[in-house]
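Contents: one structure, followed by commentary.
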Number of protein chains: 2
Amino acid sequence: MSVSTLVTAERDTEAGTLHQRILNDIEGKIVSGEWPIGHRIPFEVDLAREYGCSRMTVNKVLTQLARAGLIERVKKSGSFVSQPHTQSAVLEISDIRKEVESLKLPYAFNVPRAGKRKAQGADRLLLDVPVGTAILDITCVHLAGGKPFCLEQRLINLASVEGADQADFTKVPPGQWLLSQVPWSSAEHRIHAAAADATTAEQLGIEQGTACLVIERRTWSAGAAVTQVRLTYPGDRHALVATFTPSS
Amino acid sequence: MSVSTLVTAERDTEAGTLHQRILNDIEGKIVSGEWPIGHRIPFEVDLAREYGCSRMTVNKVLTQLARAGLIERVKKSGSFVSQPHTQSAVLEISDIRKEVESLKLPYAFNVPRAGKRKAQGADRLLLDVPVGTAILDITCVHLAGGKPFCLEQRLINLASVEGADQADFTKVPPGQWLLSQVPWSSAEHRIHAAAADATTAEQLGIEQGTACLVIERRTWSAGAAVTQVRLTYPGDRHALVATFTPSS
DNA sequence: TCCTAAAAGATGTATAGACATAATGGGGTC
DNA sequence: GACCCCATTATGTCTATACATCTTTTAGGA
């Protein structure tokens with residue numbers, strides 16, 4: 001059922017390095033509420049004395065905690081336990097083949113539609129490319145155990161992805177191919193619920209109007225739009241799971 | 001529409017500190033693909049020479065990049081550009097009042113149901129407390145511009161939250177109160193789509209069967225369950241948005 | 001009294017050096 | 001040739017020190 005799980009923290013309950021021990025210790029005091037929000041934590045030199053180490057070591061720990069958002073540091077004044085920034089969760093979206101295989105179901109996919117065309121005005125909202133840019137428009141149905149699992153509707157910016165027009169997406173699903181090709185990216189996710197329309201319902205083998213979980217992702221690499229994908233899951237059967245622990 | 005947006009990176013295109021400059025430089029080479037996945041990046045001593053700084057400075061940058069998942073470090077072998085771990089996104093869920101107010105709509109809420117009771121077997125799946133524990137069971141409807149915006153169904157573990165049984169949740173919504181009370185927490189999110197049942201539909205003023213976005217969150221503090229909440233949004237009207245840029 | 005300037009106190013950044021740790025590769029031995 | 005041991009090498013961690021930077025506080029002068 002779960003798409004994925006991820007825990008950020010490096011949880012060494014039992015101290016490994018001194019760095020780890022100090023980090024866990026301080027984090028523990030914050031998490032437990034022993035040091036409430038707004039509390040000024042001891043100065044670097046005092047912590048250094050307390051743990052019997054140099055200020056540099058403490059400084060690195062505090063820098064890490066500050067980056068993680070647990071504390072805020074003010075020159076001259078000291079370091080303070082910060083208001084939890086709101087909830088932050090790390091959400092990991094693995095590629096769909098892995099997702100299916102982790103459920104111990106045989107994976108397959110088919111491509112009912114794929115074609116090259118010029119970007120139109122409406123595509124601008126999706127892919128962030130100028131009108132007229134050559135794009136690849138692919139629809140892909142992922143199957144788990146022979147039954148439809150997820151509908152993937154994807155646009156790829158041919159200008160920014162080398163060799164995408166030669167790739168054979170009937171052999172490798174586009175998502176997996178892109179993951180292996182495009183080095184790294186920034187991404188924007190949009191997650192919402194929608195009732196399945198007639199086409200979607202047919203392709204997923206569900207009834208029209210069924211509540212579906214829709215994940216739209218836009219990806220950039222070095223400032224240029226790479227791809228836009230819309231993943232539709234039958235909503236009652238699938239969920240995104242994200243586990244989050246402050247720190248790192 | 002958007003619940004929230006968060007960008008992790010500290011994007012100083014134009015170098016501030018040496019640390020920042022090296023970090024941006026190396027990250028750039030990875031993001032641009034100049035250093036492809038699996039590429040062994042120069043040794044610390046070589047980078048130190050290249051940037052005219054000490055090994056410690058380079059070491060700190062690489063440590064940070066490793067923590068962010070951009071590179072993997074292997075003793076003796078060197079540091080390598082890592083396979084993007086899959087997509088990771090930082091998802092921030094702010095409290096609902098802020099969410100509504102950021103839409104420039106007047107916020108209000110009402111509490112159709114609230115009561116103290118003992119945890120039953122069925123609650124174990126939700127809140128992770130032993131049967132018989134005293135819990136608070138609250139239903140809360142959040143309104144934006146006078147119209148239902150979100151349905152909140154919440155369980156609070158009275159044993160782990162000081163003063164929750166005295167709090168007046170007709171004045172402050174429970175989510176906001178908890179955020180200000182409980183210092184920090186680990187959380188597990190489950191996001192899925194569901195059709196509105198009769199009760200939900202009535203409370204949200206929508207038709208039965210409407211696709212809704214459901215976010216379930218369980219929160220712990222220092223190992224003890226704090227609260228479980230189920231937020232139901234009419235799906236066509238709301239979406240979660242998460243922006244992600246690699247690096248920390 | 002009030003404004004300004006200097007001192008003090010905290011973090012920020014960087015260095016050089018030391019030792020620990022782990023993987024690799026190259027012997028040497030059987 | 002197979003195996004084990006050890007030197008090599010790159011990263012991991014920590015220290016002691018130095019100077020920069022930014023606030024707050026204090027002291028001084030008009």
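Note that the coordinates shown come from a computational prediction; the quantities given were computed from them, not determined experimentally. Chain naming here is simple, since letters A, B, ... match the order of the sequence lines and numbering starts at 1 in each. Hydrogens, waters and symmetry mates are skipped; everything else that's a heavy atom, side chains included, is used.
Computed from coordinates, the B:His19 NE2 to C:dT15 C1' distance equals 15 Å when rounded to whole Å. In this entry the distance linking OH of B:Tyr51 with C1' of C:dA14 reads 17 Å, nearest Å. Rounded to whole angstrom, the span from the CG atom of B:Leu23 across to the P atom of C:dT13 amounts to 12 Å. Between the CZ atom of B:Phe80 and the P atom of C:dA23 there is a distance of 13 Å, given to the nearest Å. The interatomic distance linking B:Arg49 (CZ) with D:dA10 (P) rounds to 11 Å, in whole Å. To the nearest angstrom, C1' of D:dC14 lies 16 Å from CG of A:Leu47. Here the C1' atom of nucleotide C:dT11 and the CZ atom of A:Arg40 are 13 Å apart, to the nearest Å. One interatomic measurement links the two molecules: NZ of A:Lys60 to C1' of D:dT15, which rounds to 10 Å at whole-angstrom precision.
Of the two residues contacting DNA chain C, namely B:Thr57 and A:Val74, the nearest-nucleotide position lying further toward the 5' end is that of A:Val74. Nearest-nucleotide assignment on DNA chain D puts the 5′-proximal partner with B:Gly78, out of A:Gly52 and B:Gly78.
Nearest to the side chain of B:Lys76, among C:dA23, C:dG9, C:dG12, sits C:dA23. Which of D:dT11, C:dA14, C:dA23 sits closest to the side chain of B:Ser77 comes down to C:dA23. Side chain of A:Met56, nearest nucleotide from C:dA23, C:dG12, D:dT17: D:dT17. Side-chain proximity of B:Lys75 to C:dA16, C:dA22, C:dA14: nearest is C:dA22. If you check C:dT11, D:dT15, D:dT11 against the side chain of B:Glu44, the one that comes closest is D:dT11. Side-chain proximity of A:Leu18 to C:dA14, D:dT15, D:dT11: nearest is D:dT15. For B:Thr17, the side-chain atoms get nearest to C:dA14 when compared with the rest of D:dC14, C:dA23, C:dA14.
A donor-acceptor contact under 3.5 angstrom links the side chains of A:Thr227 and A:Arg154, judged on distance only. In this structure, a donor-acceptor pair under 3.5 Å is absent between the side chains of B:Arg218 and B:Gln228. For the 3.5 Å distance criterion, the side chains of A:His19 and A:Gln64 qualify, holding a donor opposite an acceptor.
Between the side chain of B:Arg55 and the base of D:dG12 there is at least one donor-acceptor pair of N/O atoms closer than 3.5 Å.
For A:Tyr233 and A:Phe149, the ring centers are positioned less than 6.0 Å apart.
Under 4.0 Å is where a charged nitrogen must lie from a carboxylate oxygen, and between B:Arg49 and B:Glu44 no such pair does.
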